[in-house]
Amino acid sequence: MPDRPIRVVVTVGSTRAGRFAPIVASWFVKRASARPDLVVDVVDLAETRLPDALTGFGSLPPEAVTALLPRLAAADAFVVVTPEYNHSYPAPIKTLIDWFFAEWQAKPVGFVSYGGHSGGLRAVEHLRQVFAEVHAVGIRDTVSFHGARDQFDADGVPVDTEGATRVAEVMLDQLTWWALALREAKEETPLHHRLNRRPAPGPAPLRRAGRLRRPARVQPSLSATLALARAWPASLGSDRGAGRGNTAAVPDPCGRRPRWCNRRHEHRSRRTPPTSVSGCGHGARPTPTR
Ligand SMILES: Cc1cc2nc3c(=O)[nH]c(=O)nc-3n(C[C@H](O)[C@H](O)[C@H](O)COP(=O)(O)O)c2cc1C
């Protein structure tokens, strides 16, 4: 038993009217809550209703996002309950992942999937790729229900209760192992130094070719961005309307050089001309306006 319980956020990923999700999620939450080593917090995306349009870099996030932030930040581990839609997972789950970053870092993510013939496993495989990008750790064993509607009785209990429970316990055992290991590791070594470190310089020819010169991306937590945005003096303006002749209004909260920048805020290089697109070069390249 851990000295303090592991906080698990269970996310219900379907927001569809008439969804089957609550049946699967309720059963799983009941199982997880029965374990003395876990404290479970359920985040139902049908209730949180995060906006699907992200805000501008450095802008204050909407209330739905700031309200959810402390719950995700406090989590030691996550479980995503996902159906399969067109060989992948539902869009609201991607929106949830994209709103946050540091809140996922170095935490394990387990999956409970359901769907038609595939049991939602293709949704899970896609989620693994996305969670890897935010430094989260996908748990190997998945709880999966094929032809889900036939797998639960009228009381919301799996027809094969014993089998489903066994698989859920295996996944939760793996999840708790990773949650504890990563919690201890984070207490020992701050994340910043390990996950956002620049790669060691390679051999000279590679360095000359510029292939190893790009630093690892440094991305502040949403809470840090929030604090910066709140502290930003109103007199300096916001990033709205940034463009030609308005570049001074764009905050550069971390003070890093532009090529070290991250996607949560804007940078302006003194050497480059103002651009028509406020951005830092990730994704579409800004177009010079003169
Ligand atoms: C838009 C849409 C696409 C779907 N695509 C798939 C699919 O590719 N593979 C599959 O096995 N089931 C697919 N299904 C079936 C769902 O996985 C199944 O109906 C599941 O119960 C939906 O979960 P929900 O009711 O909680 O939203 C799809 C369902 C919908 C609504």
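Indexing begins at 1, ligand by ligand and atom by atom, following the structure's order.
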Ring-ring centroid check F145 F152, cutoff 6.0 Å: yes
Steps toward salt bridge (Lys or Arg N to Asp or Glu O under 4.0 Å) verdict (R4, D76): CA-CA 11 Å; R4 55 188 198 280; D76 297 305; 5.8 Å; no
Closest protein heavy atom (residue, atom, distance) for atom 25 (O) of ligand 1: R16 NH2, 2.6 Å
Heavy-atom nearest neighbour in the protein, as seen from atom 8 (O) of ligand 1, with distance rounded to 0.1 Å: H87 N, 2.9 Å
Contact (N/O only, under 3.5 Å) between G18 and ligand 1: no
Y114 and Q151, any side-chain heavy atoms less than 4.5 Å apart: no
Nearest neighbour in protein (non-hydrogen) for atom 22 (C) of ligand 1: P83 CB, 3.7 Å
Close approach of S118 to ligand 1, heavy atoms, under 4.0 angstrom: yes
Identity of the nearest option to atom 29 (C) of ligand 1, non-hydrogen atoms only, from Y89, Y85, F20: Y85
Salt bridge (Lys or Arg N to Asp or Glu O under 4.0 Å) evaluation trace for E125 with R128: CA-CA 5 Å; E125 291 311 307; R128 290 183 188 283; 3.3 Å; yes
Sub-4.0 Å atoms of ligand 1 with respect to non-hydrogen atoms of R149: 25 (O)
Check: A73 main-chain N/O paired with K107 side-chain donor or acceptor under 3.5 Å: yes
More than 12 heavy atoms of other groups within 6.0 Å of E187 CD: yes
Numbering as shown, the atoms of ligand 1 that approach G115 to under 4.0 Å (heavy-atom distance): 11 (O), 17 (O)
Residue pair V10 / V81, side-chain heavy-atom distance below 4.5 Å: yes
Test item: F131 and V80 side chains (from C-beta on) under 4.5 Å apart, heavy atoms: yes
Residue part near ligand 1, for A21, under 4.0 Å between non-hydrogen atoms: both
Mode of E84 contact toward ligand 1 - side chain, backbone, both, neither (heavy atoms, under 4.0 Å): both
Residue, atom name and distance, where the atom is the protein heavy atom closest to atom 11 (O) of ligand 1: G116 N, 2.8 Å
Protein heavy-atom partner closest to atom 26 (O) of ligand 1 - residue, atom, separation in Å: Y114 OH, 2.7 Å
Side-chain touch L45/T11, heavy atoms, less than 4.5 angstrom: yes
Sub-3.5 Å N/O-N/O distance, N86 and ligand 1: yes
